[in-house]
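Chain identifiers are assigned alphabetically (A, B, ...) following the order of the sequence lines, protein sequences preceding nucleic acid strands; residue numbering begins at 1 within each chain.
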Amino acid sequence: MSARGVLVLLTVLAAGAAPAAAQTEPPPGGALYQKLCSQCHGEKGDGNGIAAPRLMPRPRDFTTGKFKIRHTPSGALPTDDDLRKIIREGMPYTSMPPWPQLSDQQVDELVAAVKSFSPDFANPERKPVPITIPKAPAYSEESAKKGKEVYARIGCPACHGEIGRGDGPSAPGLKDDAGYFIRAADLTKRWTYRGGPTREDIYRTFTTGVNGTPMPSFAESLTDEERWQLVDYIVSLDGREDPGYAELVQVQWTTDDIALEAPDKARELFASAAAAYFPVVGQITEPGRAFHPSANGVTVKAIYNARDIAFLVTWHDMRADVSGHNAPDLPVPPEEDKGEVAADPADEGGGFFGEEEVTEEASADDFFGEEEGTADAGTESEFSDALALQFPATLPTGARKPYFLFGDAQNPVDLWFVDLAKKVATRYKGAGSDSLTLEEGEDVTAVASYDKGEWSVILKRSLRATGGVTFAESQYVPVAFSLWDGAQRERGNKRGLTRWMYLYTMPRETPSPLWPMLRAAFIVLVVEILLIVWVRRRQTPVSPVGQEG
Amino acid sequence: MSLPIIWWVALLLLAVQLVLWKSRAGTFLWTLVSCFSFWVFLRFGFTVPVPQSVISLYMGIALLAAAAYVTSSRDRLEGFTGPLVRLCTEPARRPLLYAVVLLLPALAAFAVYRQMNVKLEAPAFGRTIHPAPPDSITVHDKALNLTTLDNPYRTLEKSDPPAFASHVANGRRVYYENCFYCHGDALRGDGMYIHGLNPIPTNFADAGAIALLQESFIFWRISKGGPGLPEEGGPWDTAMPAWEKFLTEEEMWDVTLFLYEFSNQRPRAREGVHE
């Protein structure tokens with residue numbers, strides 16, 4: 001910790017916030033808290049730091065005494081160890097950073113700071129008593145299968161969706177205690193869990209609940225056996241504990257005809273192609289920024305035959321927004337660029353989220369019956385979901401690529417855009433975010449479907465086309481993806497995107513390594529024998545009484 | 001425990017050398033072990049893995065050096081070839097000879113197999129992290145000469161500390177409204193979105209980063225962002241925004257002040273200017 005930095009900041013705070021008082025009294029929470037945490041959590045710990053308006057979820061308001069990740073029962077305060085763990089490890093996929101670089105003493109100081117903002121911590125009656133998490137039995141398929149029933153019976157699908165993709169009928173209307181929209185976790189992506197990806201973490205989450213959010217505690221309603229079954233089911237949704245982000249997608253060679261008329265059959269063509277999972281982040285480089293895009297990843301598979309190339313692009317979305325329209329060049333007004341997360345998105349967006357009252361204390365039974373009726377409530381949105389694939393207009397010969405945000409004047413890009421309300425592909429030529437032109441022709445065709453919280457879009461083009469890259473065998477081609485979620489009013493520059501990734505068209509036949517291996521072995525063997533013979537020849541005259549016999 | 005890995009590897013290899021020396025190993029064994037040690041050092045001695053091409057290059061040099069050493073005197077040459085000749089000729093070493101004769105082709109075959117099954121990786125291009133800035137730039141219709149440009153608010157540090165502090169405070173606001181998503185809340189280049197970026201921002205908290213740069217350079221990078229970089233900086237890949245589209249000139253200077261204040265560093269002075 002730099003003393004000078006703190007000093008300047010203290011002067012800063014003194015100059016800014018409370019001119020008279022700050023000079024004599026230490027700032028609330030102490031200097032370390034003010035330097036490292038106050039920009040988000042606020043100088044008074046009320047969650048209103050300067051960064052807060054653009055954050056989602058919002059920074060914790062410490063004065064409420066409500067904490068998400070706890071080893072204590074629903075509604076209780078966290079233990080010091082809980083707070084220590086959060087400060088050390090952060091909360092993945094939120095702006096709450098991990099602090100591995102601090103000393104133990106500094107972390108303790110921060111724990112004390114956090115606690116100082118809420119009088120609850122001083123109340124002896126509210127002293128946190130941790131629950132004990134029994135030792136986890138080994139994972140089994142059997143138990144996961146039973147867990148699926150528990151999952152459905154107890155009402156998790158209402159928020160988390162039938163197979164956990166965060167697309168339950170109640171999901172679009174969920175709000176936290178402060179009235180902000182909150183996303184029901186996508187249970188298939190354990191690496192995004194705020195409280196950790198392990199089986200013990202999951203057990204703890206639904207046993208203690210997530211205070212301050214609609215995520216309830218299921219402390220009474222389940223036996224211990226059922227709990228581990230539920231945990232195993234959630235783990236079985238996706239085997240990955242971390243996302244394994246790719247940088248390259250292999251385009252598999254196929255001899256089959258690529259026909260999109262029957263989408264289900266078209267999907268089967270991709271069965272043997274390797275999936276690449278790319279990270280999606282917000283477009284925050286050009287005006288019209290998306291500080292918190294809905295999507296955080298996109299899965300891509302690709303195939304080609306002698307005539308065509310095709311991509312299967314899938315991603316999770318809480319709801320299919322198929323009303324309204326979308327385009328990569330729709331303007332985003334500058335006010336929206338301020339990124340302020342509205343306290344009530346339903347008000348701002350013209351009531352496109354279904355209104356719904358779900359309270360924290362709600363018991364599991366409350367969720368029955370709610371599943372019907374809410375699914376279609378308020379699904380009209382002004383903007384539809386959309387997808388774009390981006391390729392350089394001509395294949396780069398060296399390092400020089402087009403600018404990753406829709407190209408630049410010298411190096412244009414070729415955009416394959418699908419508005420999912422229309423489900424037809426169009427092409428744009430991009431020479432920069434403010435210079436997109438619609439291209440004529442129907443080179444690219446697409447089919448799209450939405451099922452259980454997941455969009456699947458197949459796009460197809462012939463290997464060569466006017467005004468686009470010609471795809472050939474054994475070739476690297478830069479590719480990037482953009483995703484728009486209509487429900488969050490994403491359009492134009494306001495979107496989730498990937499940086500430039502690559503595709504590689506796999507050779508039609510993978511040569512067998514056997515012959516080259518044998519050849520190498522043989523050459524080495526011959527050289528060895530020649531060497532040995534040579535050495536022996538040269539040695540024999542020196543020792544005429546050959547021992548070799 | 002806290003010793004960097006490079007020291008651990010170096011210590012281990014020194015120990016090996018010591019054992020060789022104590023046991024009076026011959027030239028042959030010594031050369032072999034030394035070359036291998038060098039490879040171990042390159043391959044495992046660094047936290048950021050050394051690229052294969054660089055390893056090959058250094059190993060080539062090392063082998064040449066070994067060859068020069070071995071052939072530098074008759075004794076050494078004999079010391080090196082002696083064990084090999086004995087292996088080829090002495091009947092007592094036959095089993096070993098056969099083993100070697102079989103092992104080497106097997107290794108060659110394995111190497112070919114490895115080579116044909118390398119994991120496919122996206123092509124990587126090098127970029128210059130701090131390319132030379134242009135002589136002048138135009139920001140908000142104002143022409144600025146970068147060779148003579150200074151932070152107009154830097155002098156307040158001495159002349160008017162409260163005013164300076166409020167500029168820093170404003171820079172802090174700008175930073176936490178705009179920059180920390182990529183540059184990280186503690187300026188360590190580890191913001192919440194960097195898993196989606198390549199290149200990623202440098203660690204400003206590191207002593208070898210902004211302290212080596214002039215404030216005019218920082219101002220150029222902030223105002224013109226990725227697209228303002230020359231070709232060698234790879235402007236097409238970096239997500240660094242051109243902040244002139246969002247911020248006033250004063251805000252860009254203020255956030256520059258904040259970068260130095262938060263990380264407790266001083267900018268590099270312009271040549272010929274002494275503080």
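- Side-chain atoms of Y153(B) do not come within 3.5 Å of backbone N or O of F164(B) as any donor-acceptor pair.
- Interface remark: Y193(B) contributes backbone and side-chain atoms alike to the contact with chain A (heavy atom separation under 4.5 Å).
- Formation of a donor-acceptor pair under 3.5 Å by the H292(A) side chain with backbone atoms of R54(A) is found in this model.
- Residues F180(B) and L55(A) approach most closely at CZ-CD2, 3.4 Å, considering heavy atoms.
- In terms of heavy-atom pairs under 4.5 Å with chain B, the best-connected choice from A399(A), A520(A), A521(A) is A399(A).
- Judged by distance alone, with hydrogens and angles left aside, the side-chain atoms of R194(A) form no donor-acceptor pair with the main-chain N or O of M91(A) at under 3.5 Å.
- For chain B, the nearby parts of F404(A) are the backbone and the side chain; heavy atoms of each come within less than 4.5 Å.
- There is no contact between T510(A) and chain B, counting heavy-atom distances below 4.5 Å.
- Note on A186(B), A122(B), G196(B), P123(B): by heavy-atom pairs under 4.5 Å with chain A, the leading option is P123(B).
- Using a 4.5 Å cut-off between heavy atoms, T81(B) does not touch chain A at all.
- Residues F262(B) and K35(A) approach most closely at O-NZ, 2.7 Å, considering heavy atoms.
- Contact detail for F204(B) and A209(B): the closest heavy-atom pair is CA-CB, 4.3 Å.
- Judged by distance alone, with hydrogens and angles left aside, the side-chain atoms of Q283(A) form a donor-acceptor pair with the main-chain N or O of N493(A) at under 3.5 Å.
- Only the side chain of Y502(A) comes within contact range of chain B, judged by heavy atoms closer than 4.5 Å.
- L107(B) does not touch chain A: none of its heavy atoms, backbone or side chain, sits under 4.5 Å away.
- The aromatic rings of F278(A) and F481(A) lie parallel to each other, their planes meeting at an angle below 30°, with 60° marking the opposite boundary.
- Figure legend: cation-pi geometry between R154(B) and Y260(B), with NZ or CZ positioned under 6.0 Å from the six-membered ring centre and within 45° of its axis.
- For chain B, the nearby part of L248(A) is the side chain; its heavy atoms alone come within less than 4.5 Å.
- In terms of heavy-atom proximity, L497(A) sits nearest to S482(A) at CB-OG, 4.0 Å.
- Pairing each heavy atom of K189(A) with each of N296(A), the nearest pair is NZ-OD1, 2.8 Å.
- Proximity to chain A (any heavy atom under 4.5 Å) is restricted, for F125(B), to the side chain, taken from C-beta onward.
- Taking all atoms of both residues into account, the shortest heavy-atom contact from A163(B) to L156(B) is CB-CD1, 4.1 Å.
- The most heavy-atom pairs under 4.5 Å with chain B, out of M506(A), Q250(A), M517(A), come from M517(A).
- In terms of heavy-atom pairs under 4.5 Å with chain A, the best-connected choice from V101(B), D190(B), V85(B), V100(B) is V101(B).
- For E528(A), the part lying near chain B is the side chain, with the backbone staying farther off; criterion is any non-hydrogen pair under 4.5 Å.
- E286(A) and R495(A) are not joined by a salt bridge, as no carboxylate oxygen comes within less than 4.0 angstrom of a charged side-chain nitrogen.
- No part of P396(A) comes within reach of chain B, as not one of its non-hydrogen atoms sits under 4.5 angstrom from that chain.
- Of the atoms belonging to P516(A), heavy atoms from both backbone and side chain fall under 4.5 Å from chain B.
- When each of Q101(A), R519(A), E247(A) is checked for heavy-atom pairs under 4.5 Å with chain B, Q101(A) comes out on top.
- Considering only heavy-atom pairs separated by less than 4.5 Å from chain B, the leading option among P513(A), P287(A), S95(A), P279(A) is P287(A).
- Listed options M240(B), R188(B), Q115(B) were ranked by heavy-atom pairs under 4.5 angstrom with chain A; first place goes to R188(B).
- For the options A242(B), A239(B), A111(B), A108(B), heavy-atom pairs under 4.5 Å to chain A are most numerous at A239(B).
- For the set R127(B), H195(B), H167(B), R173(B), the entry with the most heavy-atom pairs within less than 4.5 Å of chain A is H195(B).
- The candidate from L104(B), L84(B), L87(B) with the greatest count of non-hydrogen atom pairs under 4.5 Å with chain A is L104(B).
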